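Beneath this line is the structure, given in structure tokens, with notes to follow.
All ligand and atom numbering here is 1-based and tracks the order in the structure. These figures come from a predicted structure and were not determined experimentally.
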Amino acid sequence: MQDKPVALVTGANQGIGLQIAKDLAPHGFTVLVGSRSLERGEAAAKEVGPDARALQLDVTDQASIAAAAELIRKEFGHLDVLVNNAAISNTSKLPGMSIVEYAKLTRPSNVSLDEVRAVWETNVFGVLAVYQAMLPLLREAPTARIVNVSSGVGSLTMNSDPAYAHRSVFGPVYPASKTALNAITLAMAIELESTGIKVNAASPGFTKTNLNNYAGTETVEEGAREAVRLALLGPDGPTGTFSHAKLGPLPW
Ligand code: NAP
């Protein structure tokens, strides 16, 4: 057992998750690089540094989640930071298809329910399943923090405004999965408000990653910034918020 703080980032083998892992390491954490492929997790952990370690974790696989929690319990006995970062944007967008074209094929009236279920399985139920497995370990840490990596495209308030630029792509698959994640974030924060555990949602902004075929405009360093800030919140920091590094608080 070690006393050093331990951080787990899900889906940390690439993209924003990998950058969050890299940015947490210098703050004295042992960083667990969650990855559904152990091999890719190990390669990423090498990039993060000597205090990083790969952890096989598929957020849609209960056995994988339980094994990851058991390993953390045995080797560390506590978890100080949980960043629920893993997500997918779709399972059926054809190569070369634009987000706008995909949005037209995934309206409430014509979307495949299998597509909705697959994306929500990772982005919503996966987060809840990891939360349930890791909460006993988070309760063992003195000041645990949970950060859910969400997206501005899930904001009901912003999408209700006809002037909102991304409104035309608001639909039941990815955007609504982030709306549901926001709701679950608030529910977690309410559940834990009498404890010292803070739960917040971060919006990275449109970031150049595999998720959007590297079409994003922000760097992964910029995309990781808000999640890292929320992971490092002091005792006076907020809980139950949704925010972006440059825009500040976002409406749910
Ligand atoms: P990314 O590069 O595609 O990374 C996503 C990560 O999630 C990958 O490591 C992926 O693993 C992992 N993942 C997917 N399904 C998983 C599962 N079932 N179990 C465990 N890991 C799984 O995308 P990203 O842009 O960095 O996304 C990170 C977060 O930022 C997501 O929550 C995303 O919704 C959010 N976000 C991104 C943007 C953006 O513009 N990029 C904007 C707003 C919000 P594999 O490598 O095995 O596929």
Side-chain angles (χ1 to χ4, degrees), residues 8-23 32-45 47-48 54-68 82-91 93 99 117-130 133-134 146-155 158 165-166 169-170 173-182 184-185 200-228 230-231 242-247 250:
L8 166 60
V9 184
T10 68
N13 55 289
Q14 64 168 319
I16 295 166
L18 173 55
Q19 189 61 42
I20 294 169
K22 285 181 182 172
D23 292 349
L32 302 176
V33 175
S35 175
R36 49 185 166 178
S37 149
L38 184 60
E39 208 184 339
R40 279 183 283 145
E42 281 168 349
E47 274 188 58
V48 174
L55 183 67
Q56 198 284 327
L57 180 55
D58 181 336
V59 304
T60 64
D61 177 350
Q62 197 54 49
S64 162
I65 296 169
L82 169 62
V83 182
N84 287 304
N85 166 78
I88 56 174
S89 54
N90 70 86
T91 67
K93 190 157 87 58
I99 293 173
R117 286 193 183 102
V119 171
W120 284 53
E121 198 59 55
T122 302
N123 298 8
V124 185
F125 305 124
V127 174
L128 200 51
V130 171
M134 299 300 165
I146 300 171
V147 181
N148 293 334
V149 181
S150 185
S151 170
V153 303
S155 166
M158 291 198 284
H166 305 293
V169 298
F170 187 70
V173 185
Y174 179 81
S177 78
K178 294 300 188 181
T179 312
L181 177 63
N182 284 353
I184 284 174
T185 303
N200 293 288
S203 169
F206 191 37
T207 308
K208 209 180 263 299
T209 68
N210 185 52
L211 192 92
N212 49 36
N213 291 322
Y214 301 91
T217 48
E218 308 280 303
T219 64
V220 282
E221 287 81 3
E222 290 167 319
R225 194 164 299 152
E226 189 62 2
V228 172
L230 293 169
F242 177 33
S243 55
H244 177 279
K246 290 182 201 152
L247 303 174
L250 298 178

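Under 4.0 Å from any atom of ligand 1, one finds heavy atoms of residues G11, N13, Q14, G15, I16, R36, R40, L57, D58, V59, T60, N85, A86, A87, I88, T122, V149, S150, S151, Y174, K178, P204, G205, F206, T207, T209, N210, L211, N212.
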(request) Using the side-chain contact (heavy atoms from CB on, under 4.5 Å) rule, take T209 and V220 through it: C-alpha gap first, then chi angles, then the decisive distance, then the call. (result) CA-CA 7 Å; T209 68; V220 282; 4.0 Å; yes
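Annotation: side chain to side chain contact (heavy atoms under 4.5 Å, CB included) contacts of F206 (sequence neighbours excluded): N212, A215, T217.
At distances below 3.5 Å, not a single donor-acceptor pair connects side-chain atoms of S35 with backbone N or O atoms of R40. Remark: side-chain polar atoms of E222 are paired, donor with acceptor, to backbone N or O of T219 under 3.5 angstrom.
No more than 12 heavy atoms of other residues, nucleotides or ligands shown are found within 6.0 angstrom of CD on E39.
Checked for salt-bridge contact, K246 and E218 meet the test: a charged N lies under 4.0 Å from a carboxylate O.
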